[in-house]
Protein chains: 2
Amino acid sequence: MHVSSQLRHDQPTRHRHNPGDVLSSLAMTTRYGRGQEIYTQDHPAEHWYRVVSGAARRFTVQVNGRRQIVDFLLPGDFFGLASRNVHLFAVEAIVEGTVVAAYPRERAEALADANPHLGREIRTVTAAEIARLQTRILILGRIGSLGKVSAFLLEMAERLSSRTQASKTGEGILLPMSRYDIADYLTLSVETVSRALTSLKQRGAIKLVGTRRVKIIHYDALEDSDE
Amino acid sequence: MHVSSQLRHDQPTRHRHNPGDVLSSLAMTTRYGRGQEIYTQDHPAEHWYRVVSGAARRFTVQVNGRRQIVDFLLPGDFFGLASRNVHLFAVEAIVEGTVVAAYPRERAEALADANPHLGREIRTVTAAEIARLQTRILILGRIGSLGKVSAFLLEMAERLSSRTQASKTGEGILLPMSRYDIADYLTLSVETVSRALTSLKQRGAIKLVGTRRVKIIHYDALEDSDE
DNA sequence: CGCTCGGTTGACAACCGTCAAAGCGTGTGG
DNA sequence: CCACACGCTTTGACGGTTGTCAACCGAGCG
């Protein structure tokens with residue numbers, strides 16, 4: 001018996017295998033408030049997760065008190081796949097009303113044993129997490145605040161526009177995170193992030209509407225911000 | 001028919017399922033010289049890989065000419081698991097005589113469809129790659145050259161000693177990579193890496209025998225090198 | 001109305017990258 | 001066997017970028 005046939009009403013017209021199709025039958029969704037924790041560091045890793053809507057940050061707090069954000073989790077992103085025993089990082093919702101789907105790890109693994117298609121799906125989403133982390137390393141590896149912030153904006157434009165309903169229409173992208181989050185993500189100080197954004201705005205590369213909405217004017221200018 | 005029964009002479013006494021046990025029947029090993037490429041950027045991703053002995057670097061070259069090392073690959077490490085179509089990074093052997101096992105991706109995937117145990121194995125090694133990249137992000141995220149270099153030394157001590165035959169006996173660890181490699185790994189200049197090592201040596205945290213052999217004297221001193 | 005939180009801007013010092021030069025080790029060729 | 005040359009490493013001097021400290025502004029909220 002194929003699990004995929006048990007799927008309910010997932011738009012029967014298009015039957016391509018999007019990640020999560022089969023897994024979705026196991027999902028238990030929860031809604032989180034702004035700043036609410038989804039799981040804590042050292043929490044037993046009993047579930048895999050996927051962001052349905054909203055945004056979350058995965059982070060750790062160093063011994064010196066500085067918060068290091070490992071990555072941002074946006075709609076469509078799976079996370080928690082690497083943890084075998086306990087989660088190495090904490091995860092918190094960033095925006096009010098973030099919805100996260102949880103999949104019981106053991107049951108998903110057992111199901112995958114009998115359903116090769118699900119097994120491939122899991123490997124696919126895991127590979128996607130690796131790709132995300134590798135991109136992340138490249139961004140962190142850039143030198144200079146302008147390069148980092150530019151790369152961050154390009155990453156967010158890419159991830160936000162491709163996964164959610166065109167939030168990148170004509171009015172730019174809506175960043176779900178604060179300047180502090182961006183700073184802890186890029187390993188910069190808040191002031192430097194603010195200065196970099198101001199600099200990019202003044203040279204006409206981006207446009208800021210309020211503080212959270214960013215419209216990228218010249219993609220080339222951002223890509224060329226090496227150093 | 002179970003694939004695991006086709007395995008030849010994999011020490012019949014100990015039958016615990018180490019990662020790669022089942023995969024090993026597909027392996028094709030190759031020996032590489034110092035600096036020799038294992039695959040290039042944009043190369044079709046037809047294989048998964050595993051370092052048997054030696055060491056390798058995975059890297060990309062930025063538009064400004066700077067080389068960014070994404071991670072170091074040591075004995076036991078799998079790599080290339082995330083690539084679905086083409087490899088996003090190039091991989092080169094670091095030391096003379098590095099031996100790498102290659103596993104045909106399609107055949108491994110097909111085998112995994114019929115063998116749940118292999119499927120789990122693949123997910124396990126993929127999860128290990130994620131864990132490695134996350135650790136990597138934490139190291140990159142540290143501020144200050146002393147913190148980065150200290151974290152790098154601790155990571156190498158951990159990875160080198162746990163996987164290879166006790167290379168961390170009484171005489172410290174043997175770094176397979178040059179100062180330039182370390183610099184491109186930590187996003188620092190070679191000079192800063194050298195100065196940081198000198199500084200750690202002078203304050204008695206480490207001991208240097210030649211240039212490649214490092215003995216960690218005070219682990220606490222390295223861990224406390226926050227900023 | 002006043003508080004707090006998030007964001008921006010300014011001044012200054014510390015750290016790191018760049019340029020430069022010298023030491024060191026290894027391998028190769030005379 | 002020695003000498004040289006090349007690559008790798010270290011150290012020094014200097015300038016630029018960024019973190020820190022500080023102040024100010026605006027929005028949201030009790």
Side-chain angles (χ1 to χ4, degrees), chain A residues 33-35 57 62 64-69 92 94-96 140-150 152-153 174-203 206-214 225-227, chain B residues 33-35 57 62 64-69 92 94-96 140-150 152-153 174-203 206-214 225-227:
Chain A
R34 176 182 148 90
R57 54 179 170 243
Q62 318 270 38
N64 59 5
R66 207 170 55 83
R67 182 186 64 164
Q68 164 75 351
I69 293 184
E92 284 177 0
I94 292 181
V95 299
E96 183 68 28
L140 263 183
R142 300 191 69 160
I143 47 182
S145 57
L146 265 72
K148 281 186 179 177
V149 173
S150 296
F152 165 76
L153 291 177
L174 184 61
L175 298 177
M177 71 289 290
S178 72
R179 298 286 190 267
Y180 287 89
D181 288 329
I182 300 174
D184 290 344
Y185 181 73
L186 298 176
T187 327
L188 294 172
S189 67
V190 208
E191 297 90 335
T192 302
V193 171
S194 179
R195 275 187 261 265
L197 285 170
T198 304
S199 175
L200 289 174
K201 181 179 67 176
Q202 285 175 346
R203 65 182 67 182
I206 62 171
K207 234 171 96 173
L208 292 176
V209 184
T211 57
R212 293 293 180 92
R213 188 165 291 280
V214 181
S225 297
D226 310 315
E227 175 196 22
Chain B
R34 175 182 150 89
R57 56 181 169 241
Q62 318 270 40
N64 58 5
R66 208 170 55 82
R67 182 186 65 166
Q68 165 75 349
I69 292 183
E92 285 178 359
I94 292 181
V95 299
E96 184 67 30
L140 263 185
R142 300 191 68 158
I143 47 182
S145 57
L146 265 70
K148 282 186 178 178
V149 172
S150 296
F152 164 76
L153 290 176
L174 183 62
L175 298 177
M177 70 290 290
S178 72
R179 298 286 189 267
Y180 286 90
D181 288 330
I182 300 174
D184 291 344
Y185 182 71
L186 299 176
T187 325
L188 294 171
S189 67
V190 208
E191 296 91 333
T192 301
V193 171
S194 179
R195 275 187 261 265
L197 285 170
T198 305
S199 175
L200 289 173
K201 182 179 67 177
Q202 284 175 346
R203 65 183 65 180
I206 62 172
K207 232 171 95 173
L208 293 175
V209 184
T211 57
R212 294 293 180 92
R213 189 165 289 281
V214 181
S225 297
D226 309 314
E227 174 195 22

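Residue numbering restarts at 1 for every chain, and letters A, B, ... go by the order of the sequence lines.
For B:Thr211 against B:Arg179, the heavy-atom pair with the smallest separation is O-NH2, 2.9 Å. Contact between B:Tyr185 and B:Leu140 at its shortest, heavy atoms only, is O-CD2, 3.8 Å. Summarising the geometry of B:Arg66 relative to B:Thr187, their closest heavy-atom pair is NH1-CG2, 3.9 Å, with the distance given to 0.1 Å.
Put simply, A:Ser145 has a side-chain N or O that comes within less than 4.0 Å of OP1 or OP2 on D:dT18. A sub-4.0 Å separation between OP1 or OP2 of D:dG19 and a side-chain N or O of A:Thr192 is present. Dashed line: the shortest gap from a side-chain N or O of B:Thr198 to OP1 or OP2 of D:dT11 is under 4.0 Å.
Atom NZ of B:Lys148 and atom OG1 of B:Thr192 lie 9.5 Å apart (nearest 0.5 Å).
The bend of the helix from C:dC1-D:dG30 to C:dG30-D:dC1, defined by the angle between the axes of its first five and last five pairs, stands at 30° to the nearest 10°.
Here the side chain of B:Ser194 pairs no donor or acceptor atom with the backbone of B:Val190 at under 3.5 angstrom. Listed for the A:Glu96 side chain is no donor-acceptor partner under 3.5 Å among the backbone atoms of A:Gly33.
Looking at A:Arg57 and A:Met177, their side chains never come closer than 4.5 Å, going by heavy atoms from C-beta outward. Taking the side chain as every heavy atom from C-beta outward, A:Leu200 and A:Leu153 approach each other to under 4.5 Å.
We find that CD1 of A:Ile143 is positioned 11 Å from C1' of C:dT18, with the value rounded to whole Å. Protein atom CD of B:Glu96 is 14 Å distant from nucleotide atom C1' of C:dG27, rounded to whole Å. In this entry the distance linking NZ of B:Lys148 with P of C:dC15 reads 15 Å, nearest Å. Following rounding to the nearest Å, B:Arg34 (CZ) and C:dG27 (P) show an atom-to-atom distance of 10 Å. Computed from coordinates, the B:Leu197 CG to C:dC16 P distance equals 13 Å when rounded to whole Å. The CZ atom of B:Arg66 sits 10 Å away from the P atom of C:dG17 (whole-angstrom rounding). In this entry the distance linking CZ of A:Arg213 with C1' of C:dG7 reads 18 Å, nearest Å. Separating the CG atom of B:Leu208 from the P atom of D:dC8 is a distance of 18 Å, rounded to the nearest angstrom.
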Name the pairs: protein N/O against N/O of nucleotides 21-28 of chain D, kept only if under 3.5 Å.
from   : atom 1 : to       : atom 2 : distance (Å)
D:dC21 : N4     : A:Glu191 : OE2    : 3.0

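Here B:Arg212 lies in heavy-atom contact (under 4.0 Å) with sugar-phosphate atoms only.
Listed by chain and number, the residues in a side chain to side chain contact (heavy atoms under 4.5 Å, CB included) with B:Ser199 are B:Leu146, B:Arg203 (sequence neighbours excluded). Evaluation of the side chain to side chain contact (heavy atoms under 4.5 Å, CB included) rule for B:Val95 yields B:Thr98, B:Pro176 as partners, not counting sequence neighbours. Remark: B:Ser178 pairs with B:Tyr180, B:Asp181, B:Arg212 by the side chain to side chain contact (heavy atoms under 4.5 Å, CB included) rule, at least two apart or across chains.
Listed by residue number, the members of residues 177-190 of chain B with any heavy atom below 4.0 angstrom from DNA chain C are B:Thr187, B:Leu188, B:Ser189.
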Before you tell me yes or no, could you show the steps for A:Ile69 and A:Leu186 under side chain to side chain contact (heavy atoms under 4.5 Å, CB included), namely the whole-Å CA-CA distance, both residues' side-chain angles and the distance that decides it to 0.1 Å?
CA-CA 8 Å; A:Ile69 293 184; A:Leu186 298 176; over 6 Å; no
